[in-house]
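To start, the structure itself, in structure tokens.
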Amino acid sequence: AAGVIQSPRHLIKEKRETATLKCYPIPRHDTVYWYQQGPGQDPQFLISFYEKMQSDKGSIPDRFSAQQFSDYHSELNMSSLELGDSALYFCASSLTRQLTSGRGNIQYFGAGTRLSVL
Amino acid sequence: AQTVTQSQPEMSVQEAETVTLSCTYDTSESDYYLFWYKQPPSRQMILVIRQEAYKQQNATENRFSVNFQKAAKSFSLKISDSQLGDAAMYFCAYTENGATNKLIFGTGTLLAVQP
């Protein structure tokens with residue numbers, strides 16, 4: 001079965017540079033979530049999109065922005081990178097429209113993008 | 001605000017034995033979901049088991065089962081017949097029932113499986 005695809009898997013950037021992370025959800029999934037996991041920490045919610053509209057926002061810095069496109073893929077844009085942005089960034093997707101099917105609210109995670117800021 | 005607490009930073013179990021990982025949560029909601037996710041050294045987040053708050057019956061998935069105590073806001077994971085491949089970080093997570101709700105994770109429990 002198709003899974004959530006994230007690219008790139010690894011990214012190395014310098015301070016103050018810009019990075020773009022991409023996420024391709026499971027086909028027919030309508031909701032995308034972004035999480036940030038720092039070293040030795042639990043994943044922290046950044047932002048989510050439902051049917052291409054932002055649906056929820058967590059502790060996402062103003063330097064970060066995201067969107068979901070017409071084909072449901074999503075991109076997380078990160079500018080003015082700081083050393084503290086070094087982390088594993090996960091994308092997850094779910095099929096919100098089928099909450100009554102018994103599979104609702106299950107988020108399936110991609111393998112993550114490991115961002116290193118030097 | 002909802003919180004999830006895992007009080008065991010590390011646990012160890014012998015191969016083929018049983019281990020229980022603890023999780024407590026705090027919420028004022030009555031309708032929500034609880035999850036256990038496994039994160040092996042590859043760092044992939046893998047869903048282990050899910051529990052719907054409105055269901056009294058504890059969820060089971062093969063060797064994995066939960067003890068869900070709604071009144072006590074407790075959600076423990078039992079792993080039976082532990083295998084070397086079970087070694088991983090285990091995260092307990094909470095989300096409210098409804099569209100597009102974020103997962104709130106605990107701090108995780110690192111499980112080691114001894115041969």
Side-chain angles (χ1 to χ4, degrees), chain A residues 3-6 9-10 25-26 29-60 68 87-115, chain B residues 1-10 21 23-25 27 29 31-55 57 59-61 75 88-111:
Chain A
V4 177
I5 305 297
Q6 289 188 247
R9 291 294 309 278
H10 303 276
I26 292 172
H29 278 197
D30 51 22
T31 307
V32 167
Y33 308 79
W34 286 97
Y35 294 87
Q36 177 192 58
Q37 186 179 27
Q41 297 181 358
D42 54 289
Q44 295 291 316
F45 171 74
L46 292 177
I47 196 166
S48 63
F49 294 87
Y50 170 66
E51 286 290 348
K52 293 156 279 185
M53 298 288 289
Q54 181 181 308
S55 54
D56 198 1
K57 195 171 182 179
S59 51
I60 183 170
Q68 186 178 29
L88 187 57
Y89 290 84
F90 284 109
C91 172
S93 74
S94 67
L95 184 55
T96 302
R97 283 195 300 272
Q98 288 194 1
L99 281 177
T100 58
S101 72
R103 305 301 291 171
N105 288 76
I106 293 179
Q107 295 182 28
Y108 298 89
F109 283 75
T113 293
R114 183 178 298 280
L115 172 66
Chain B
Q2 292 80 7
T3 58
V4 178
T5 302
Q6 293 179 250
S7 59
Q8 305 155 316
E10 296 181 11
L21 308 184
C23 172
T24 58
Y25 58 94
T27 183
E29 302 293 325
D31 196 6
Y32 50 87
Y33 292 83
L34 296 163
F35 305 84
W36 281 97
Y37 278 90
K38 169 185 176 181
Q39 188 175 43
S42 66
R43 305 298 299 278
Q44 175 79 50
M45 292 291 285
I46 302 166
L47 177 66
V48 175
I49 201 165
R50 179 185 74 141
Q51 176 76 43
E52 294 142 311
Y54 65 88
K55 287 188 176 179
Q57 185 175 7
T60 62
E61 287 287 344
F75 182 61
M89 180 70 85
Y90 286 82
F91 289 101
C92 178
Y94 163 100
T95 189
E96 292 171 8
N97 189 23
T100 68
N101 278 307
K102 60 183 178 287
L103 284 169
I104 299 171
F105 289 89
T107 51
T109 296
L110 183 61
L111 178 67

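Below, each value reflects all heavy atoms present in this structure, side chains not excepted, and no hydrogens, waters or symmetry copies. Each chain gets a letter, A, B and so on, in the order the sequences are listed, and its residues count up from 1.
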Item to check | pair B:Tyr37-A:Pro43: side-chain heavy atoms closer than 4.5 Å | outcome: no
Checklist entry - Does some side-chain heavy atom of B:Gln39 sit less than 4.5 Å from a side-chain heavy atom of A:Leu88? => result yes
Next on the checklist: Between A:Tyr33 (side chain only) and B:Leu103 (backbone N and O only), is there a donor and an acceptor less than 3.5 Å apart?
Outcome noted: no
Checklist entry - Rounded to the nearest 0.5 Å, how far apart are CZ of A:Arg114 and CZ of B:Arg43? => result 5.0 Å
Checklist entry - Which is it for B:Thr95 and A:Phe45 under the side chain to side chain contact (heavy atoms under 4.5 Å, CB included) test, yes or no, and what are the steps along the way? => result CA-CA 12 Å; B:Thr95 189; A:Phe45 171 74; over 6 Å; no
Item to check | Partner set under ring pair (Phe, Tyr, Trp, His ring centres under 6.0 Å) for B:Tyr94, not counting sequence neighbours | outcome: B:Tyr32
Checklist entry - So, the side chain of A:Gln107 versus the backbone of B:Leu47: is there a donor-acceptor pair under 3.5 Å, distance only? => result no
Item to check | Structural part of A:Gln41 lying under 4.5 Å from a heavy atom of chain B | outcome: backbone
Checklist entry - In terms of heavy-atom proximity below 4.5 Å to chain A, should B:Phe91 be classed as side chain, backbone, both, or neither? => result side chain
Item to check | Euclidean distance, B:Ile104 CD1 relative to A:Gln44 CD, rounded to 0.5 Å | outcome: 9.5 Å
